[in-house]
Amino acid sequence: MDAKSATGVLHPYWPRDLLIPTYVANDRSMSEILVFLFSVSGLFLLVTWLITGQKGKTGRLGTWRRLAVCWFAVCGFIHGVIEGWFSLYYDIIPADQSFLSQLWKEYSKGDSRYVIADNFTVCMETVTAWLWGPFSFWAVFAFLTNKPYRFVLQLIISLGQLYGAVLYFYTEHRDGYSHSELGHPIYFWFYFVFMNVLWIIIPLVLIVDAWRQLSAAQAQTDNKKSKRN
């Protein structure tokens with residue numbers, strides 16, 4: 001149900017008295033937007049999965065490693081393109097009818113901070129788009145070419161993603177979850193919770209993985225040094 005703000009403009013966002021004077025309703029349906037998002041993400045995942053299955057100079061990557069590389073490929077798309085769009089056009093999104101602006105207006109039903117260009121979301125998404133987007137594609141390249149710094153990249157990206165996601169949830173918690181319809185199965189639980197908690201769970205796993213890989217490499221280096229002495 002849409003609500004009318006103090007300016008008389010109808011909008012579907014919370015809190016209901018939110019002022020969005022330039023808001024124009026989407027002419028794309030929720031299904032169109034979600035099909036696009038998951039189809040393109042799935043395409044990135046599929047292509048990366050096929051590429052990582054090829055035998056390289058050091059042999060084929062294992063299943064777990066291939067999935068990790070697929071994750072970084074999808075992150076590169078979401079951070080660089082989807083969040084990159086927000087970082088560039090956040091001030092016109094409420095009135096804009098470009099497809100990606102409509103995507104953000106749809107997502108804002110789960111977190112209206114995006115449709116009002118909240119300072120935290122603009123800063124957080126800009127850092128995410130321009131750092132973790134390119135870094136994610138760099139990580140894909142690093143793993144495909146077996147670069148020695150690949151797990152350093154994995155650790156840096158995952159720490160950045162985790163930090164951003166924790167702040168994202170914590171700032172909204174301090175606001176009393178006022179920017180969404182609390183408990184709504186789609187807007188709150190799917191948009192706000194599920195689509196963001198992935199950037200807590202998966203980065204945590206990858207941080208532990210990078211920790212183990214780097215620790216093992218350092219231990220091997222230390223053992224070589226001790227044998228020489």
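Sequence positions, counted from 1, serve as the residue numbers for this chain. Source: prediction; values computed, not measured.
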**Q** Can a donor-acceptor pair be found, under 3.5 Å and without considering hydrogens, that links the side chain of Glu172 to the backbone of His179?
**A** yes

**Q** Answer with yes or no whether the side chains of Thr145 and Arg150 bring together a donor and an acceptor at under 3.5 Å.
**A** no

**Q** Taking the side chain as C-beta and beyond, is there a heavy-atom pair between Phe169 and Ile200 under 4.5 Å?
**A** yes

**Q** Using every non-hydrogen atom in the two residues, find where Pro203 and Trp71 come nearest and quote the distance to one decimal.
**A** CD-CZ2, 4.3 Å

**Q** With side-chain hydrogen bond (donor to acceptor under 3.5 Å, both in side chains) as the criterion, how do His79 and Glu125 come out once you've worked through the C-alpha distance, each side chain's angles and the decisive distance to 0.1 Å?
**A** CA-CA 8 Å; His79 295 333; Glu125 293 292 0; over 6 Å; no

**Q** What about Phe99 and Trp104, are their ring centers closer than 6.0 Å?
**A**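 No.
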
**Q** Keeping Ser98 on the side-chain end and Ser101 on the backbone end, is there a donor-acceptor pair under 3.5 Å?
**A**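 No; zero donor-acceptor contacts below 3.5 Å.
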
**Q** Hey, any chance Leu204 and Leu167 share a hydrophobic cluster, counting ILVMFWY side chains that come within less than 4.5 Å of each other, even indirectly?
**A** yes

**Q** I'd like to know if Val166 and Trp211 are part of one continuous hydrophobic network [Ile/Leu/Val/Met/Phe/Trp/Tyr, side-chain heavy atoms within less than 4.5 Å].
**A** no

**Q** When you measure from the side chain of Gln97 to the backbone of Ala25, do you find a donor-acceptor pair of N or O atoms at a distance under 3.5 Å?
**A**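 Yes; judged by distance alone, with no hydrogens or angles, the pair exists.
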
**Q** Step by step, work out the ring pair (Phe, Tyr, Trp, His ring centres under 6.0 Å) result for Trp138 and Phe135.
**A** CA-CA 5 Å; Trp138 187 12; Phe135 271 45; 5.5 Å; yes

**Q** Flag the pair Ile33 / Leu37 as yes when at least one side-chain heavy-atom distance between them is below 4.5 Å, and no otherwise.
**A**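 In short, these two side chains do not touch, never coming nearer than 4.5 Å.
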
**Q** Taking everything shown except Arg212 itself, do over 12 heavy atoms lie less than 6.0 Å from its CZ?
**A** no

**Q** Any side-chain heavy atom of Leu34 within less than 4.5 Å of one from Tyr191?
**A** yes

**Q** Are Cys75 and Trp132 side-chain neighbours, meaning at least one heavy-atom pair lies under 4.5 Å?
**A**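 The answer is no; the side chains never approach within 4.5 Å.
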
**Q** Measuring from Ser215:OG to Asp222:CG, what's the distance to the nearest 0.5 Å?
**A**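 Interatomic distance, Ser215 OG to Asp222 CG, rounded to 0.5 Å: 10.5 Å.
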
**Q** Donor-acceptor check, side chain of Arg66 to backbone of Trp49, threshold 3.5 angstrom: yes or no?
**A** yes

**Q** Do Gln154 side-chain atoms and Leu206 backbone N/O form a donor-acceptor pair below 3.5 Å?
**A**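 Indeed, once roles are kept as given, a pair shorter than 3.5 Å links the two residues.
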
**Q** With side chains defined as the heavy atoms from C-beta onward, is the minimum distance between Trp85 and Tyr90 less than 4.5 Å?
**A** no

**Q** Has Asp118 got a side-chain atom pairing as donor or acceptor with Thr121's backbone, closer than 3.5 angstrom?
**A** yes

**Q** Please walk me through it: do Arg113 and Thr171 pass side-chain hydrogen bond (donor to acceptor under 3.5 Å, both in side chains)?
**A** CA-CA 11 Å; Arg113 290 180 292 178; Thr171 51; 2.9 Å; yes

**Q** Linking I/L/V/M/F/W/Y whenever any side-chain heavy atoms sit under 4.5 Å apart, do Phe194 and Val35 land together?
**A**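 Different hydrophobic clusters.
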
**Q** What are the two closest heavy atoms between Ser108 and Tyr13, and how far apart are they?
**A**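 Closest approach of Ser108 to Tyr13, heavy atoms only: O-CD2, 3.4 Å.
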
**Q** Donor-acceptor check, side chain of Lys105 to backbone of Tyr23, threshold 3.5 angstrom: yes or no?
**A**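 No, Lys105 side chain to Tyr23 backbone: no donor-acceptor pair under 3.5 Å.
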
**Q** Show the numbers, then the answer: is there a side-chain contact (heavy atoms from CB on, under 4.5 Å) between Ser180 and Asp111?
**A** CA-CA 5 Å; Ser180 181; Asp111 187 349; 5.7 Å; no

**Q** Report whether Val69 and Val40 are members of the same hydrophobic cluster (ILVMFWY, side-chain heavy atoms less than 4.5 Å apart, transitive linking).
**A** yes

**Q** Atom CD of Gln218 and atom CD of Gln220: how far apart are they, to the nearest 0.5 Å?
**A**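 Going from CD on Gln218 over to CD on Gln220, the span is 10.5 Å.
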
**Q** Can Arg28 and Glu106 be counted as an ion pair, charged N to O under 4.0 angstrom?
**A** no

**Q** Determine the interplanar angle of the Tyr168 and Tyr114 rings, folded into 0 to 90°, and report it as parallel if under 30°, tilted if 30 to 60°, perpendicular if over 60°.
**A** tilted

**Q** Could you give me the CA-CA distance, side-chain angles and deciding distance for Val122 and Phe86, then say whether side-chain contact (heavy atoms from CB on, under 4.5 Å) is met?
**A** CA-CA 8 Å; Val122 170; Phe86 177 82; 4.1 Å; yes

**Q** Hey, does Leu153 have a side-chain heavy atom less than 4.5 Å from the side chain of Phe141?
**A**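 They are not in contact (no side-chain heavy atoms under 4.5 Å apart), so the answer is no.
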
**Q** Check step by step if side-chain hydrogen bond (donor to acceptor under 3.5 Å, both in side chains) holds for Ser87 and Trp130.
**A** CA-CA 9 Å; Ser87 75; Trp130 297 101; 3.0 Å; yes

**Q** Check whether Leu198 and Trp64 end up in the same hydrophobic cluster, where Ile, Leu, Val, Met, Phe, Trp and Tyr are linked by side-chain heavy atoms less than 4.5 Å apart.
**A** yes

**Q** Can you tell me how far apart CD1 (Ile156) and CZ (Phe151) are? Round to the nearest 0.5 Å.
**A** 13.5 Å

**Q** For the atom pair CZ (Phe72) and CD1 (Ile157), what is the distance rounded to the nearest 0.5 Å?
**A**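 Result: 5.0 Å between the selected atoms.
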
**Q** Give a yes-or-no answer on whether the side chains of Tyr163 and Trp199 include a donor-acceptor pair shorter than 3.5 Å.
**A** no

**Q** Classify the ring geometry between His173 and Tyr170 as parallel (under 30°), tilted (30 to 60°) or perpendicular (over 60°).
**A**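 Because their plane-to-plane angle is under 30°, the rings of His173 and Tyr170 count as parallel.
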
**Q** Using modelled atom types and a 3.5 Å cut-off, is there a donor and acceptor pairing between side-chain atoms of Asn223 and backbone atoms of Ala219?
**A**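 Confirmed, Asn223 side chain pairs with Ala219 backbone.
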
**Q** Can you find a heavy atom in the side chain of Val81 that is under 4.5 Å from one in the side chain of Leu100?
**A** yes

**Q** Between Gln102 and Asp27, is there a side-chain donor-acceptor contact under 3.5 Å, judged purely by atom types and distance?
**A** yes

**Q** Using side-chain contact (heavy atoms from CB on, under 4.5 Å), reason through Val74 and Thr48 one step at a time and then give a plain yes or no.
**A** CA-CA 9 Å; Val74 173; Thr48 308; over 6 Å; no

**Q** Using a 3.5 Å distance criterion without hydrogens, assess whether the side chain of Gln54 forms a donor-acceptor pair with backbone atoms of Ile51.
**A** no

**Q** What closest approach, in Å, do Leu18 and His11 show between heavy atoms, and which atom pair accounts for it?
**A**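 Looks like O-NE2, 2.9 Å.
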
**Q** Working note: Asp96 + Tyr89, criterion side-chain contact (heavy atoms from CB on, under 4.5 Å); need CA distance, chi angles, decisive distance, verdict.
**A** CA-CA 9 Å; Asp96 189 42; Tyr89 302 110; 5.8 Å; no

**Q** Under a 4.5 Å cut-off applied to non-hydrogen side-chain atoms, are Phe190 and Pro185 in contact?
**A** no

**Q** Nearest 0.5 angstrom please: Leu162 CG to Ile207 CD1, how far?
**A**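 Rounded to the nearest 0.5 Å, the CG-CD1 separation comes to 4.5 Å.
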
**Q** With a 6.0 Å cut-off on the ring centroids, do Phe192 and Tyr107 count as close?
**A**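 No, too far apart.
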
**Q** First locate atom CG of Leu67, then atom CD1 of Ile202, and finally report the distance between them rounded to the nearest 0.5 Å.
**A**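 Going from the CG atom of Leu67 to the CD1 atom of Ile202 covers 9.5 Å.
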
